[in-house]
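The structure appears below as C-alpha cells.
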Amino acid sequence: MKIATFNINGVRARIETLTGWLSEAEPDVVVLQEIKCQDEGFPREPIADLGYNIETHGQKGFNGVAILSKLPLEDVTRGLPGDDTDEQARYIEATVVGHRALRVAGLYLPNGNPQPGPKFDYKLAWMQRLHDHARQLLATEMPVLMMGDYNVIPEARDAARPEKWLDDALFRPESRAAFRRILHQGWIEAVRLRDADGSRGPFTFWDYQAGAWQRDDGIRIDHVLLSPQAADLLIDLGIDRDERAKDKPSDHVPVWVDLDA
DNA sequence: ATGGTAGAGATTCTA
C-alpha cells in the first residue's frame, strides 16, 4: 500500500497539479496539507473521479488538511487533542483497512515565525500536544503513520544552506529538540532508514523566491514517522522531487512510503 | 541589506 504526504499549498488553485500527480503516482492514501479552503469548498469531484474517498478538515483561507484513500476510511477524527480552544485546522486521523489495518495521521505543524513571539509559543505548545498524543498512538501497538508538513528541519544536513536558517523557527534548537523528543518515544523516520549517513539532503521544500529551486536551495521539512509495527512493513519509500519542476508547482513535493499492508 | 513569490480574500496576512 502506497501512502503519501503532500503539502499542496492551495488545493483549489492547484487541483490540476494534484490530479496529474495522483494519476501518475497512483498512491492508495494521501494526506494533504494547506488545502486553504473550507470543507464545502474542497474540489471533491475530480479527486473522487480518480477513485478516492475524501475526508477533509478545512478552514477559511489558511491551513486545512485532508485524507484521500482508495480504500475505505474508518474512525475519522479531526483536530489535535489537548486544547479545545485551538481553532486552527491542522490535524486529521483515520484508519485504513487493507489486509491489515493502519492508523494514518496527517498533520500541518505550525510554522512558528517570527520567533521569538506568540506564533513560536503556539508552535512549541502544539508540538507538546503532538508529543502527548503520539505516545497514545504508539500505545495502541497498531501500525501507525504520523506524516505531514512538520515545519522542522531536523539537522543541518537537511538544509542546503543551514546557516541562513539559524534564526528561523523551522531550525531553532527548541523546535528540533521537540521533534527529537517525539522520535525518542520510538518513532522511526522513514527517509532516514534508507539514507542514514551524513550526506546533505534530500529536500522536500524549495521556496518560490530568489530562485531557490534553480539553485537547489532546499530544506527537508515533510516527514513520515512510522511506529515500529509500521516500520516492520516498509517495502520502499521516495520523494517525488520532479514535481517541483512542473507547471504551477506547490513549493513542497510529495513524500511516500510503500508498506506491506 | 534588501527583495525576491504565491494563495486567499480583502485592500493584508501567512508562509
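Order of the sequence lines fixes the chain letters, A, B, ..., with proteins taken first and strands second; residue numbering starts at 1 for each chain. Just so it is clear, the values below take in all heavy atoms, side chains as well, and ignore hydrogens, waters and symmetry mates.
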Rounding to an integer number of Å, can you tell me how far A:Lys164 NZ sits from B:dT2 P? 17 Å

Within the structure provided, determine whether A:Met147 and A:Val104 are in side-chain contact (heavy-atom separation under 4.5 Å). yes

Identify, with sequence neighbours excluded, every residue that meets salt bridge (Lys or Arg N to Asp or Glu O under 4.0 Å) alongside A:Asp158. A:Arg192, A:Arg220

With sequence neighbours left out, what residues match A:Arg244 under salt bridge (Lys or Arg N to Asp or Glu O under 4.0 Å)? none

Taking the nucleotide of DNA chain B with the closest heavy atom to each, which residue, A:Ala210 or A:Asn9, is nearer the 5' end? A:Ala210

Residues joined to A:Val144 in its hydrophobic cluster, side chain to side chain under 4.5 Å directly or through other members, sorted by chain and number, are A:Leu80, A:Tyr91, A:Leu107, A:Leu109, A:Tyr122, A:Trp126, A:Met127, A:Leu130, A:Leu137, A:Leu138, A:Met142, A:Met146, A:Tyr150, A:Val152, A:Phe179, A:Ile182, A:Leu183, A:Trp187, A:Leu225

Residues in salt bridge (Lys or Arg N to Asp or Glu O under 4.0 Å) with A:Asp240, at least two apart? none

Any A:Arg12 side-chain N or O less than 4.0 Å from OP1/OP2 of B:dA6: no

Length of the CD1-P vector between A:Ile15 and B:dA8, whole Å: 12 Å

Taking only the C1' atom of each, what is the distance from B:dT2 to B:dA8 in whole angstrom? 26 Å

Sticking with atom P, work out how far B:dG9 lies from B:dT5, rounded to a whole angstrom. 22 Å

Sugar-phosphate atoms are those with a prime plus P, OP1 and OP2; base atoms are the rest. Using that split, label each nucleotide of nucleotides 10-15 of chain B B, S or - for protein heavy atoms under 4.0 Å, 5' to 3'. S--BSS

Distance check, C1' atoms only: B:dG7 and B:dA1, in whole angstrom units. 28 Å

In whole angstroms, the gap separating P of B:dA8 from CD1 of A:Ile8 amounts to 11 Å

Expressed in angstrom and rounded to an integer, what is the separation of A:Gln38 atom CD from B:dA8 atom P? 13 Å

List in chain and number order the residues that pass side-chain contact (heavy atoms from CB on, under 4.5 Å) with A:Ser23, two or more places apart in sequence or in another chain; answer none if no residue qualifies. A:Leu50

For B:dA6 versus B:dA10, give the span between their P atoms, rounded off to a whole number of Å. 22 Å

Whole angstroms only, please: what is the CD-C1' distance between A:Glu16 and B:dG7? 16 Å

Flag the pair A:Arg78 and A:Glu55 as a salt bridge only when some basic side-chain nitrogen lies within less than 4.0 angstrom of an acidic carboxylate oxygen. yes

